[in-house]
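First comes the structure, then the notes that go with it.
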Amino acid sequence: MMSVLKNPIIPVIIVFCVGMLVTFEYFVDVPTVKLVSTELQKWVTILITFTLTIGSVNLIKSQSLKIQRKGPGWSYSIITIVTFALMMLLGLYSIFFTPEGLLFPAYNYVIRNIQYPVNVSMFGLLGFYIITAAFRAFRFRGFDSTIVLLAGLLVLMGQAPIGAAVWDQFPAISYWIMNVPNVAGARAISIGVGIGAISMAVQVLLGYERGWMGRLER
Amino acid sequence: MTILLIAVLIVLSIQQTVKGKLPFIRRIAALDAIEEAIGASVEKGTAVHYTLGYPGPQGLASGASAALMSGILCMGYVAEKTAELDAKLITTHISSDIVPIAEEVIKTAYLKAGVPENYSPDMVRYLSGFQFAYTIAVLGIMERENVGTNIMIGSFMAEALVMAEAGNNLGAMQIGGTTSTIQLPFFVVACDYAILGEEIFAASAYLSKEPIRAGAILGQDRSKYLVVGILVIGVLLQLINNTFLYNLLSG
Amino acid sequence: MDGEAGKIMLKLDKRVLYLVYACLLAVPTFIPMGLPITIDSTTKSTYDIIDALEPGSRVAINSAFFGMTIPEQYPTSKNLIQHLFMKDDVKLIFLTFNVESPVWQEKIMSEVDKFGKEYGTDYVYLGFTPGDQTAIAAMANNLPALVQVDFYGTPLNELPDNGAIMEGLIQASDFDLLIVITTGFYDFFLGPWTSQHGVPTILGVQSVNVPVALVYWEAGQIIGLIKGATGNAEYEKLLNRPGVSLSDMDAQSLAHVFIIGLIVYGNVKYFYDKRRPTE
């Protein structure tokens with residue numbers, strides 16, 4: 001029995017059947033197909049939630065190993081494990097033991113006053129990194145880079161109120177750059193990516209591609 | 001209907017390639033640079049970091065799964081090279097469902113290279129399910145573990161520029177690839193080599209030289225000709241106020 | 001550019017740049033410049049569509065708050081919800097598919113002026129539905145199958161008037177308008193809700209997502225778009241309710257001027273280095 005289950009063709013067949021059902025649901029208007037597809041999609045959610053356990057175990061294992069070996073930055077690993085445990089306990093307590101659930105004040109407090117400011121601060125780093133990236137990127141190096149430079153300058157001036165205050169045509173020029181060449185380029189890349197995604201889906205559904213099983217070769 | 005047509009084209013192209021010869025895939029400098037980058041890391045005694053990025057909360061079940069799959073295939077190639085060249089590999093993950101796949105892929109790569117004893121579970125690290133918690137952790141790892149090569153191929157969002165600039169500040173050699181039109185410019189600016197858009201789908205065929213994957217690339221190219229043809233015919237028909245093609249494709 | 005002064009000027013520490021940038025962003029907080037802003041067609045279209053909603057319309061609103069998107073998406077959500085509350089007899093059904101959103105949704109609801117609208121009669125919050133893309137697609141086909149109770153645990157058929165607000169809402173096409181405020185995950189709605197079921201859709205995106213969102217705007221797939229912080233400021237002006245976004249525009253202006261200055265400086269340095277490569 002176990003040797004049958006280990007046969008690699010079985011997951012390929014499951015993927016094919018489930019994938020084709022969910023794909024057909026998009027094209028046909030049969031209530032049974034839609035019902036089964038909806039149910040399967042709910043199952044996916046549950047399965048993904050269970051994979052969080054795998055991730056959590058991996059996290060605890062790797063951080064514990066670092067503490068054990070006193071690897072570089074091992075003190076941060078202690079903080080990681082302690083905060084992980086605290087947040088997990090707080091979340092579980094909020095959901096199961098409080099009438100407010102996710103709106104439990106302590107949980108709310110941690111989200112709004114710890115997690116949110118830290119996340120936003122890290123996101124704010126992007127603003128600073130963009131300065132150095134723009135400083136390096138926008139150069140009069142050749143024809144292509146000059147086009148990029150000019151387009152960048154015009155869009156920067158058009159997007160902020162100060163541009164319109166300097167010259168009232170900046171917003172219109174910026175609008176044209178964003179809505180014509182930018183959209184054309186974005187569409188072209190989107191079409192290519194979309195075709196690539198269909199190709200990958202076909203390969204996975206028909207069993208040509210088995211990388212999702214961890215097997216890079218057939 | 002177009003999706004079905006494209007799917008049929010891809011299957012036919014795969015069948016044709018399997019039976020015939022491999023189609024020509026043009027040189028992609030970023031992929032050629034992977035081995036060079038890993039070699040440089042070995043010489044300097046630095047680590048190789050690989051990340052698949054942030055596909056969204058649903059991981060492999062998200063809309064970015066195609067890019068993720070390509071990233072996983074490239075990760076296998078990178079793992080083979082680090083195994084062959086005896087470089088230290090660190091792969092970091094934000095999606096928990098990819099962790100077992102990554103472990104399997106890297107273990108298999110080390111087995112294929114003949115050095116299964118060099119595989120360490122520490123090569124696969126799940127850091128966090130949250131985007132910027134993951135990003136901060138990656139920055140810490142890059143700094144503390146002396147990362148000399150930073151390879152970012154997969155699906156990325158805002159963390160792309162943060163990781164790329166951090167790698168740049170460390171002087172790491174960087175190779176970045178994503179299908180996201182928003183993050184591509186950041187990779188072009190901050191990385192030494194960038195894999196643009198659908199080139200990452202060609203990456204697996206380019207690196208493995210497998211007929212099936214090469215056939216899929218051929219099918220994609222043919223599909224693009226089909227799409228361009230439809231576009232040109234559609235524009236010409238619209239110019240003469242004929243909406244036949246528009247109505248046909250609108251359903 | 002010759003001599004010691006030139007050498008000092010051209011060797012610029014990144015940290016100095018970051019400090020100057022941070023100070024520039026802080027200046028408008030104390031010294032507002034009050035630069036006038038122009039209203040973009042995407043913002044105007046959004047405003048007009050909401051303004052034209054007829055009594056009895058039912059609007060689905062999805063706000064996907066992730067920690068780092070709050071500064072741009074919170075004002076978007078608040079402005080649109082405020083405008084919707086200003087309309088007569090427009091029913092609002094709030095959905096969310098990410099776990100952080102309920103906390104922020106509650107905060108918005110405590111801050112907006114509801115003009116006497118009642119929970120359960122005029123608006124309902126369906127709370128967090130797990131599953132992301134799959135749940136969004138499933139909900140487009142069969143909402144009651146996925147959600148039977150609201151966020152507070154009340155069965156939907158026990159809401160006032162036997163759950164009249166939810167009556168007849170089976171599929172996405174039963175809604176009159178869909179508003180999606182998210183970063184990068186609007187594709188999850190545009191496929192099943194907009195394309196498949198034909199719900200008129202308004203997007204509220206972050207500034208960084210605007211280049212891609214414009215593709216949908218130009219193709220006519222969406223009928224309104226709020227472009228991040230700039231869009232928020234424009235909407236506050238249209239609503240005549242100045243808020244944090246309008247005041248942020250001054251900081252944005254200074255930031256853009258600073259970056260342009262740096263780009264010019266970078267090019268000067270580049271040509272100087274080319275002329276005098278080493279000394």
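In what follows, chains carry the letters A, B, and so on, assigned in the order in which the sequence lines appear, proteins first and then strands, with residues in each chain numbered from 1. No hydrogens, no waters, no symmetry mates; every other heavy atom, side chains included, goes into these values.
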If I take atom [atom1] from residue [X] and atom [atom2] from residue [Y], how far apart are they, to the nearest 0.5 angstrom?
{"X": "A:L156", "Y": "C:F258", "atom1": "CG", "atom2": "CZ", "result": "13.0 Å"}
{"X": "A:R112", "Y": "C:E106", "atom1": "CZ", "atom2": "CD", "result": "8.5 Å"}
{"X": "A:I162", "Y": "C:D250", "atom1": "CD1", "atom2": "CG", "result": "9.0 Å"}
{"X": "C:N142", "Y": "A:S37", "atom1": "CG", "atom2": "OG", "result": "11.5 Å"}

Sort [X] into side chain, backbone, both or neither according to what part of it lies under 4.5 angstrom from a heavy atom of chain C.
{"X": "A:R141", "answer": "both"}
{"X": "A:N182", "answer": "side chain"}
{"X": "A:Q159", "answer": "both"}
{"X": "A:L126", "answer": "neither"}
{"X": "A:A165", "answer": "side chain"}

Take atom [atom1] of [X] as the centre, draw a 6.0 Å sphere, and report whether it contains more than 12 heavy atoms from other residues, nucleotides or ligands.
{"X": "A:F24", "atom1": "CZ", "result": "no"}
{"X": "A:F16", "atom1": "CZ", "result": "no"}
{"X": "C:K14", "atom1": "NZ", "result": "yes"}

Can you check whether A:M157's main-chain N or O pairs, donor with acceptor, with C:H256's side chain at less than 3.5 Å?
no
Between C:N267 (side chain) and A:F138 (backbone), is there a donor-acceptor pair under 3.5 Å?
yes
Between C:Y21 and A:F128 (judged by ring centroids, cut-off 6.0 Å), do the two rings come close enough to count as a pair?
yes
Answer with side chain, backbone, both or neither: which region of C:E234 has an atom nearer than 4.5 Å to a non-hydrogen atom of chain A?
neither
